[in-house]
Amino acid sequence: MTFLITAGPTREPIDPVRYISNRSSGKMGYAIAEAALDAGYDVILISGPVNLAPPRDAKFISVSTSDEMFEAVHRHAGASDVCVLCAAVADYKPAQVSPVKIKKNADGISIELVPTRDILQSLGRQRAREFLLVGFAAETDHLEANAAKKLREKNCDIIVANDARIAMETDENELLILFRDGERKKISRAPKTFLARELVKIFANSQQKRLTKKEKSSKEKNSEEKEALSPTLY
Ligand code: CTP
């Protein structure tokens with residue numbers, strides 16, 4: 001089984017020396033990558049800029065902007081069985097990137113921001129996808145309601161919700177996991193390395209279940225088609 005995992009923040013350039021980013025450390029995504037490797041799976045880790053060493057046995061793809069992450073994810077998702085989009089992708093980027101350093105201005109400046117492409121949603125829109133699609137939801141309020149909305153709108157199989165104030169830049173987290181069929185699971189506060197091992201088990205099981213269900217329904221469809229084609233003998 002191959003896990004594709006995105007991790008860390010993205011950087012959206014303003015000019016050659018400045019960018020917009022966020023406080024994501026990448027620790028949760030890297031822990032999931034390590035846990036998946038330990039469980040014997042192949043891992044493609046697509047990471048924004050972080051201060052962590054890439055896991056030795058992963059295929060490691062380093063990106064900076066949301067556009068680079070979008071391209072890398074789409075290049076590799078088709079060959080993956082589980083896509084875990086853990087990265088804190090910037091929601092906006094400057095409409096224009098200045099090719100030269102913007103000079104200080106006594107009047108202040110405004111920067112026009114435009115939305116970035118939503119990578120998770122773009123994968124959720126692939127109708128015939130074979131992979132399990134897992135998103136993360138970083139919230140500061142109405143955790144469950146906001147996470148359930150993301151699960152629906154981005155058409156994921158699983159959303160892992162966490163409180164951004166607990167999760168950002170720390171070694172611990174607590175999780176609420178929402179499944180497409182309405183099931184929910186809570187994991188109380190624990191080191192990210194422990195949570196990662198639990199998540200990898202949950203993701204692998206869910207993908208296995210999906211495949212079994214798909215196989216069963218395609219077998220049923222085949223036998224219905226055969227029945228419809230074969231002449232009735234009396
Ligand atoms: N995500 C993504 N591409 C984006 C923005 C988010 O793939 N351009 C993914 C994240 O990797 C995560 C999920 O979408 O798996 C939810 O990210 P989050 O920041 O919690 O939510 P947003 O959709 O950005 O919404 P909001 O910031 O309004 O909560």
Side-chain angles (χ1 to χ4, degrees), residues 3-13 19-33 36 43-50 61-78 80 82-95 113-126 129 131-170 173-180 192 195-196 199-200 202-203 206-207:
F3 276 59
L4 179 153
I5 299 160
T6 69
T10 63
R11 284 181 183 170
E12 310 304 326
Y19 56 78
I20 296 171
S21 192
N22 58 66
R23 286 172 48 202
S24 168
S25 64
K27 283 179 180 166
M28 193 70 237
Y30 276 56
I32 295 172
V43 170
I44 303 167
L45 177 61
I46 301 172
S47 174
V50 294
I61 302 170
S62 167
V63 298
S64 180
T65 65
S66 57
D67 283 326
E68 286 168 10
M69 189 172 277
F70 184 100
E71 303 302 334
V73 167
H74 279 269
R75 243 190 339 270
H76 294 281
S80 306
V82 176
C83 290
V84 184
L85 300 201
C86 198
V89 184
D91 288 330
Y92 298 96
K93 63 178 183 179
L113 299 179
V114 294
T116 57
R117 290 178 288 180
D118 193 310
I119 306 169
L120 182 60
Q121 193 165 50
S122 68
L123 292 184
R125 284 187 178 145
Q126 291 185 0
R129 68 180 160 82
F131 51 82
L132 181 89
L133 183 58
V134 181
F136 270 68
E139 309 293 343
T140 55
D141 54 284
H142 302 104
L143 181 75
E144 183 154 3
N146 282 332
K149 189 163 174 258
K150 281 177 192 165
L151 179 79
R152 243 188 353 264
E153 288 178 353
K154 303 197 189 198
N155 195 27
C156 310
D157 298 297
I158 297 175
I159 280 275
V160 181
N162 54 184
D163 187 321
R165 291 164 300 189
I166 298 175
M168 287 269 173
E169 294 176 317
T170 63
N173 205 355
E174 59 186 50
L175 304 175
L176 172 67
I177 306 163
L178 303 182
F179 297 78
R180 183 194 276 278
K192 285 180 177 173
L195 297 171
L199 288 176
V200 164
I202 291 171
F203 300 159
S206 298
Q207 174 63 348

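Ligands are counted one by one from 1 in listed order, and the atoms in each one are counted from 1 as well. Any value given below was found using the heavy atoms of this structure, including those in side chains, with hydrogens, waters and symmetry copies removed.
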With the side chain counted from C-beta on, respond yes when C83 and V73 share a heavy-atom pair under 4.5 Å apart, and no when they do not.
no

Say you draw a straight line from CG of L195 to NZ of K27; how long is it, rounded to the nearest 0.5 Å?
13.5 Å

Taking NZ, NE, NH1 and NH2 as the nitrogens, is one of them in K150 or E139 under 4.0 Å from a carboxylate oxygen of the other?
yes

Looking at A87, which atoms of ligand 1 are within less than 4.0 Å of one of its heavy atoms?
10 (C), 11 (O)

Looking at ligand 1, would K154 count as a contact under a 4.0 Å heavy-atom criterion?
yes

Closer than 3.5 angstrom, by distance alone: can the side chain of N162 be matched with the main-chain N or O of A137 as a donor-acceptor pair?
yes

May I ask you to identify, for D91, whether its side chain, its backbone, both or neither come under 4.0 Å of ligand 1 on a heavy-atom basis?
side chain

Would you call D157 and R129 a side-chain contact if the rule is heavy atoms closer than 4.5 Å?
yes

What protein heavy atom is closest to atom 15 (O) of ligand 1, reported as residue, atom name and distance in Å?
L85 O, 2.6 Å

Just how far is it from atom CG of L132 to atom CZ of F203, taken to the nearest 0.5 Å?
7.5 Å

Identify, by atom number and element, the atoms of ligand 1 in contact range of V89, meaning under 4.0 Å from any of its heavy atoms.
2 (C), 3 (N), 4 (C), 5 (C), 8 (N)

Salt bridge check: are R11 and E68 linked by an N-O gap of less than 4.0 Å?
no

About how many Å separate CG of D141 and CZ of R165, when rounded to the nearest 0.5 Å?
7.5 Å

Closer than 4.0 Å to some heavy atom of R117 - which atoms of ligand 1 meet that?
3 (N), 4 (C), 8 (N)

Mark whether atom 24 (O) of ligand 1 lies under 4.0 angstrom from at least one protein heavy atom.
yes

Which residue holds the protein heavy atom closest to atom 3 (N) of ligand 1, what is that atom called, and what is the gap in Å?
I119 N, 3.0 Å

Distance from K192 atom NZ to L199 atom CG, nearest 0.5 Å?
12.0 Å

Looking only at distances, can you tell me whether any N or O atom of A137, backbone or side chain, sits closer than 3.5 Å to an N or O atom of ligand 1?
no

Count the heavy atoms of every other residue, nucleotide or ligand shown that sit under 6.0 Å from OH of Y19, and state whether that count exceeds 12.
no

E12 and side chain to side chain donor-acceptor pair (under 3.5 Å): which single residue from S64, S66, S21 fits?
S66

Look at atom 13 (C) of ligand 1 and say which protein heavy atom is nearest, naming residue and atom and giving the distance to 0.1 Å.
F136 O, 3.0 Å

In ligand 1, which numbered atoms sit nearer than 4.0 Å to a non-hydrogen atom of G135?
15 (O)

Once you restrict to heavy atoms under 4.0 Å, what part of Q121 touches ligand 1? Side chain, backbone, both or neither.
neither

Look at atom 9 (C) of ligand 1 and find which of I159, L123, L120 reaches it with the closest heavy atom.
L120

Quick test: of every protein heavy atom, which one is nearest to atom 29 (O) of ligand 1, and how far off is it to 0.1 Å?
K150 NZ, 2.9 Å

Quick check on A138 - does any of its heavy atoms sit under 4.0 Å from an atom of ligand 1?
yes

Under 3.5 Å, N or O to N or O, is A88 touching ligand 1 that way?
no

Name the closest protein heavy atom to atom 1 (N) of ligand 1, giving the residue it belongs to and the distance to 0.1 Å.
D118 OD1, 3.8 Å

Hey, which atoms in ligand 1 end up nearer than 4.0 Å to a heavy atom of T116?
8 (N)

